[in-house]
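Every number for a ligand or one of its atoms is a count from 1 in the order of the listing. All of these numbers come straight from a predicted model, not from anything done at the bench.
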Amino acid sequence: MKARLQNRKIVLGVSGGIAAYKACTLCRLLVKLGADVHVVMTEAATHLVGKATFEALSGHPVGVEIFSQAQRISHISLVKDADLMIIAPATANTLAKFTAGIADNLMTAAFLAATCPVAVAPAMNVNMYRNAATQENIQTLKRRGVYVLNPASGPLACGVNAEGRLPEPEEICEFICTILGERLTLKVDPLLPKPQKPLELMQTKLLNPAFGAGLKVLITAGPTIEDLDPVRFISNRSSGKMGYALALAFKNCGAEVTLVSGPVNIKAPEGVKLVCVRSAQDMLTAVDSLAGEQDIVVGAAAVADYRSLSVAKDKIKKQDGVDELCLHLIKNPDIIASVGMREVNRPYTVGFAAETSHTEENAQSKLIRKHLDLIVLNNVAKKEIGFDSNDNEVTVFNKDGKVAHFKTQPKSIIAERLVKLIIESFKACL
Ligand code: CTP
């Protein structure tokens, strides 16, 4: 299989934050995915991680100073033909220089000269991050088309527990793949045509904003739990992996994501708003209150179709001499159908169809019955792509028929491709 980043030139900028050490793993992961990685560091970063480390990991000399005779790396040649420039970690100082257009070191000069997409992963002390100057700089960069990967929350080097951490290298790597994956499929014309006009006039055109920037997306995920008594319940084997992968992929496209999730054993991606629910009715209440303000709602939850008519207050006891127990179950509300049928503020509505037989017919009739815009068919009878597996294979339909088929591959990649398709289909309806 072709490595995901094969033939991609990535310029990795490392500025002087304590998280610079994580950039080593990021560099290694990018190289492993086939990318040709060129590292540029600020002078401050070299006090935290040695140039030699990045030289060994990337296989290329590492640039720091503009006028270094020894290095002979120019800011122009560094970004020439690059597919992406990513700054991780991006300190408050470097972000401020990017915003102001200051070019006083090799990295800031390369940033100004870059015509490829640029992404930044801010990481710093929480107060520096929350400072109005930093926040305004980040907003300005976003407006100019720079992709921003929000910092994670957790223990910071300064000892407090708050936002400001550099996301894990694996997450940054996914973010990069999403940006480049998106551009790869859009690449009918050369990725970034050589500017015909002076560069300063082209700059904002060349740096497209993130594909999903400004979109509000809600995703339901995981199973629901329908209680029978204080210790027993009805549920299903949904792991939530597909819904959570979609949440990450939407977030990486710049969308504002809310995940309404039944109980699962996985962590919600950083930067995604998590609403935890238990039963189908809880999920309906949460979705109902939020759906009207969303652009897109995706129903990836495996909602229990039935619940007990009543939940016993005390544990249901065995009866001597009685060999059968009948449960009186009643139908749960259909959550995604309630979104699809909204008459006002109806978001673009996407559902999943978990089927084992007559898969295509069942999926298409579900699309109509639930008033969906798109339906993603999952053949859950296939063991290798069933519940709890890491892979999936899906076919997508709209009311006119089949629109895409994604063969068996990791759920994270399926999620990226689905997100791209969903956003494109949503935009086509505007
Ligand atoms: N769904 C929902 N609320 C329900 C049942 C399902 O929102 N009470 C959503 C799921 O999240 C999914 C879609 O409807 O997006 C289809 O779910 P699926 O389990 O395939 O179908 P069901 O509607 O439950 O029908 P059946 O079990 O008869 O196939």
ask   = Side chains of Asp282 and Ser279: do they bring a donor and an acceptor to under 3.5 Å?
value =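 Ser279 and Asp282 do have a side-chain donor-acceptor pair below 3.5 Å.
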key: Phe211 six-ring centre to Lys427 NZ/CZ under 6.0 Å and within 45° of normal   = yes
inquiry  = Test of understanding: with salt bridge (charged side-chain N to carboxylate O under 4.0 Å, His left out), list the residues that count as partners of Lys273, not counting sequence neighbours.
reply    =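 Applying salt bridge (charged side-chain N to carboxylate O under 4.0 Å, His left out) to Lys273 gives none.
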query = How would you list, by chain and number, the residues with a heavy atom under 4.0 angstrom from ligand 1?
reply = Gly299, Ala301, Val303, Asp305, Pro333, Asp334, Ile335, Ile336, Gly351, Phe352, Ala353, Ala354, Lys366, Lys370
inquiry  = Within the supplied structure, the quantity of interest is the number of heavy atoms (other residues, nucleotides, ligands) at a distance under 6.0 Å from Asp400 CG; does it exceed 12?
reply    =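 It does: Asp400 CG has more than 12 such atoms within range.
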ask   = Can you pull the salt bridge (charged side-chain N to carboxylate O under 4.0 Å, His left out) pairs that have at least one residue in residues 241-270, sequence neighbours excluded?
value =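 Sorted result for residues 241-270: Glu171-Lys251, Lys216-Glu256, Lys241-Asp388, Lys267-Glu270.
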request  = Name all pairs fulfilling the ring pair (Phe, Tyr, Trp, His ring centres under 6.0 Å) condition that reach into residues 288-316, sequence neighbours left out, sorted by first residue then second.
outcome  = none
